[in-house]
Amino acid sequence: MTTQNLLVELFVEELPPKALQKLGDAFATVLGDQLKTQGLASAASVVTPFASPRRLAAHVTAVADKAADKAVQQKLMPVTVGLDASGNATPALLKKLQALGADVSNPAAAVAALKRAQDGKAEALFYDSVVPGATLQAGLQKALDEAIAKLPIPKVMSYQLETDCGMDNFLPGWTSVNFVRPAHGLVALHGSTVVPVKALGLTAGNSTQGHRFEAAVSPVVLADADSYAATLQKDGAVIASFAERKAEIARQLAAAAAKVGNGARPIEDDALLDEVTALVERPNVVICQFEEQFLGVPQECLILTMKANQKYFPLLDAAGKLTNKFLVVSNISPEDTSFVTGGNERVVRPRLADAKFFFDQDRKKTLASRVDGLGKVVYHNKLGTQGERVERVRAIAKSIATQLGDAALVADADLAAQLAKTDLVTDMVGEFPELQGIMGGYYALNDGLGETVAHAIEDHYKPRFAGDALPRNTAGVVVALADKLETLVGMFGIGNLPTGDRDPFALRRHALGVIRMLVEKDLPLNLNALLAGAVPAFGDKITDASAALADFIYDRLAGSLREQGYSAQEVDAVLALRPQRLALVQKQLAAVRAFAALPEAPALAAANKRVGNILKKAEVEGPVDAHVNPALLQEQAEKDLFAALQRFVPEANAQFDAGDYTASLQTLAVLRAPVDAFFDDVMVNAEQLDLRLNRLGLLKSLHEAMNRVADLSRLAA
């Protein structure tokens, strides 16, 4: 068995740019995995993906021309079924052997070749055989078919492919092919040898096509698998590797920005860089510019139109302000780039002019004059218009602002909530929905509403994504909270919940946004009260689903905390108490972690679990009162436990009330000895009712004292 490196390439028409990297990685991964599964490649074989606008390829090291034969032992049937009383093969056994390809011309010899072994309670017959290893051609054909079938294709195309002959064997025929784009070439090289596999109506060869306009030769002939990337770059003017092309574009962008000078830098946008990498085969960055008059338009508008519509990289100055220069990643490298520069400058000018026109037109009307227009915009068929939604957000915002501040905060939050959605009916946001909120902030400043209200309007969608900044001022936090709560309470109230991967109203993101604001802004707000307080704003449009929504928010919080490095046990212990001040949860977690490190912790956690179970059983007959009558304490162990509670619980409670949760739990750790002694020496379920109730009251007092920071029973092994 000899091994050589393998190269497989599918040459196709232009692939969807936003999916290209995933397609390339998936093609290479599945191909490599399939070869390894069949024994043609080993775990040490290195799989390298290639993906350019017109090709998907994979290079796999150390691929064998034939997989090793494999010894297989197969269970046939119980001995009692396969052999008769005389030890001869039954018809069932002979039929099974024949199906496996065994020689049954001499039944006695066939039986003698079988192995007998215990299989559970019965003895069974086993058949040993050798399965021939797959040949490279057969194995690669299977791997290629699988790689194509499992491509994460966003949308499949159907196209017709001409075949050599039709039904009458001399006229050309057509066959229908389904793939992401029409395929025109297939390469499969094992070392320098062509592996004649087939796919999509094509038979593999050793040649491909290079750059549409700048390839030195056509076709590009590949000498062997290892020369693929170098030959394509030299003869085909194509950088086949997605990663290398991306790095080259980033290098050229930085070099071009340095050439412009004055601290200029291209805007950072990984998604744009990936998309442009998927659009060009031979990148060449050129510097372009537009008229400075357009810089009077908010830079977010100009940046968005250049990135989204033209795939350009705007240049920012050292202070982060937009300049009138931008970078274009061209797919051609002419000696004279003036026509490339001039063409792109001519293309971008009307786009920027449109943005300026929208901005100028929008400023002719105030945001306040647009409020009535929201009543004509449908938000949801069960929840009414955007105008109705605005009134709900205002009501929720007033309630929150009243708890957090004075009359000035209430007034600012109310005005911002009233105007926050008005930019939805502006021309600019109609053209660029991504600018909602941002344009509202600009127009608020234009209306003379001041920075507090303008920033609150701009920030009320924040945080828009994981890691996004929070609103800059308290009014913005209030409106952002109100906006997200209105969405959550409304959608839960009409039963419109996320399912699986589907979350069309981004309720998971809204819940995380609420959590982040409550925690990071350290807001003194009670979660249940916050949710319940939002319900009346909807009138009879919804049912109250606050309990289910609270569970949903705690689930999101639990996931977020686990991602931050807290253990599932620690998170479970704290969130089991449904803490209402989410800003204090991390302090509670830190206290639980410190407590769990104490030598007394395991015994106290186990005792706490035991106490909880005893109380749960007792409370079936009625509530247990956390009251102890010292006169009814008979055993020394229960007297000692009561004395310890009297001595240490007030201190622990004072520490808890002061917010020192770690000290509170550590103070209670001294209860281990009296708790252990109590369970060793005291019968809780005494026959005398008054004694039993008194002891249950003692345990209730212990349980309440121990579980203020967290449910410590959740720490028990």
Taking K541 first and then E388, would you say they form a salt bridge - that is, a charged N and a carboxylate O separated by under 4.0 Å? yes

If I take atom CG from residue N694 and atom CD from residue Q688, how far apart are they, to the nearest 0.5 angstrom? 11.0 Å

Check against salt bridge (charged side-chain N to carboxylate O under 4.0 Å, His left out), R472 and E458: CA-CA 10 Å; R472 285 164 282 186; E458 179 182 346; 3.0 Å; yes

Under a 4.0 Å N-O cut-off, is there an ion pair linking R562 with D572? no

Hey, what do you get for CG (L435) to CG (D423), rounding to the nearest 0.5 Å? 9.0 Å

Please state whether the rings of Y443 and F359 are parallel, tilted or perpendicular, taking 30° and 60° as the class boundaries. parallel

Would you kindly say whether Q564 and S560 are connected by a side-chain donor-acceptor distance under 3.5 Å? yes

To the nearest 0.5 angstrom, please state how far the CD1 atom of I457 sits from the CG atom of L415. 6.5 Å

Single hit among K462, K421, H510, R392 for side chain to side chain donor-acceptor pair (under 3.5 Å) with D483: K421

Is D551 salt-bridged to R578, going by a charged N under 4.0 Å from an acidic O? yes

Do you know the tightest heavy-atom contact between Q436 and Y461? OE1-OH, 2.8 Å

State whether a side-chain donor-acceptor pair under 3.5 Å links E300 with Y442. yes

Any donor-acceptor pair under 3.5 Å linking the side-chain atoms of T662 with those of R593? no

Indicate yes or no: at least one non-hydrogen side-chain atom of D657 is less than 4.5 angstrom from one of R708. yes

Cationic tip of R556 within the cone over F552's six-membered ring, i.e. under 6.0 Å and within 45° of the normal? yes

Shortest non-hydrogen contact from G440 toward L367: O-CD1, 3.5 Å

Kindly give the heavy-atom pair with the smallest separation between V624 and A618, and that separation in Å. CG2-CB, 4.0 Å

Is there a side-chain contact between I400 and L485 (heavy atoms, below 4.5 Å)? yes

Using the rule given for side-chain contact (heavy atoms from CB on, under 4.5 Å), can you reason through Y379 versus T487, listing the C-alpha separation, both sets of side-chain angles and the distance that settles it, and then say yes or no? CA-CA 11 Å; Y379 167 55; T487 302; 4.0 Å; yes

Do E638 and D681 have side chains that approach each other closer than 4.5 Å (heavy atoms only, starting at C-beta)? no

Going by heavy atoms in the side chains, are L712 and L665 under 4.5 Å from each other? yes

Would you say K609 has more than 12 foreign heavy atoms packed within less than 6.0 Å of its NZ? no

Smallest separation among heavy atoms of V479 and A416, with atom names: CG2-CB, 3.9 Å

Tell me, yes or no, whether the heavy-atom count around E451 atom CD, taken from other residues, nucleotides or ligands under 6.0 Å, exceeds 12. no

Quick check: do R389 and H380 have side-chain heavy atoms less than 4.5 Å from each other? no

Does A397 offer a backbone N or O that forms a donor-acceptor pair with the side chain of D414 under 3.5 Å? no

The test is side-chain contact (heavy atoms from CB on, under 4.5 Å); show your working for V429 and T426 and say whether it passes. CA-CA 6 Å; V429 174; T426 62; 3.5 Å; yes

pair F678-E635: side-chain heavy atoms closer than 4.5 Å: no

Has the side chain of D711 got a donor or acceptor atom that lies under 3.5 Å from a matching backbone atom of A576? no

To the nearest 0.5 Å, how far apart are CZ in R508 and CG in L488? 12.0 Å

Side-chain touch F492/L507, heavy atoms, less than 4.5 angstrom: yes

Expected output: side-chain Q299 to main-chain L322 donor-acceptor under 3.5 Å: yes

Please name the pair of heavy atoms, one in I542 and one in G490, separated by the smallest distance, quoted to 0.1 Å. CG2-O, 3.9 Å

With L404, the side chain to side chain contact (heavy atoms under 4.5 Å, CB included) member among L481, V477, L409: L409

Working to the nearest 0.5 Å, report the span between CG of D412 and OG1 of T474. 10.0 Å

Please check if the side chain of R265 supplies one atom and the backbone of A254 the other of a donor-acceptor pair under 3.5 Å. no

Would you please test S369 and T366 for side-chain contact (heavy atoms from CB on, under 4.5 Å) and show each step? CA-CA 5 Å; S369 71; T366 64; 3.4 Å; yes

How long is the span from the OG1 atom in T667 to the CZ atom in R647, to the nearest 0.5 Å? 11.0 Å

So does K22 pair up with D25, basic N to acidic O under 4.0 Å? no

Would you say that R695 contacts V628 through its side chain, given a criterion of any heavy-atom pair below 4.5 Å between the two side chains? no

Salt bridge present between E619 and K700 (N-O < 4.0 angstrom): yes

Between the side chains of D640 and Q636, is a donor N or O closer than 3.5 angstrom to an acceptor N or O? yes

Which heavy atom of P579 sits nearest a heavy atom of V574, and at what distance? CD-O, 3.5 Å

Among V585, L582, L527, L561, find the one that has a side chain to side chain contact (heavy atoms under 4.5 Å, CB included) with I515. L582

In sequence, state the C-alpha distance, the side-chain angles, and the governing distance for N526 and L530, and then conclude on side-chain contact (heavy atoms from CB on, under 4.5 Å). CA-CA 6 Å; N526 178 299; L530 204 57; over 6 Å; no

Are the side chain of E520 and the backbone of M517 linked by a donor-acceptor contact shorter than 3.5 Å? no

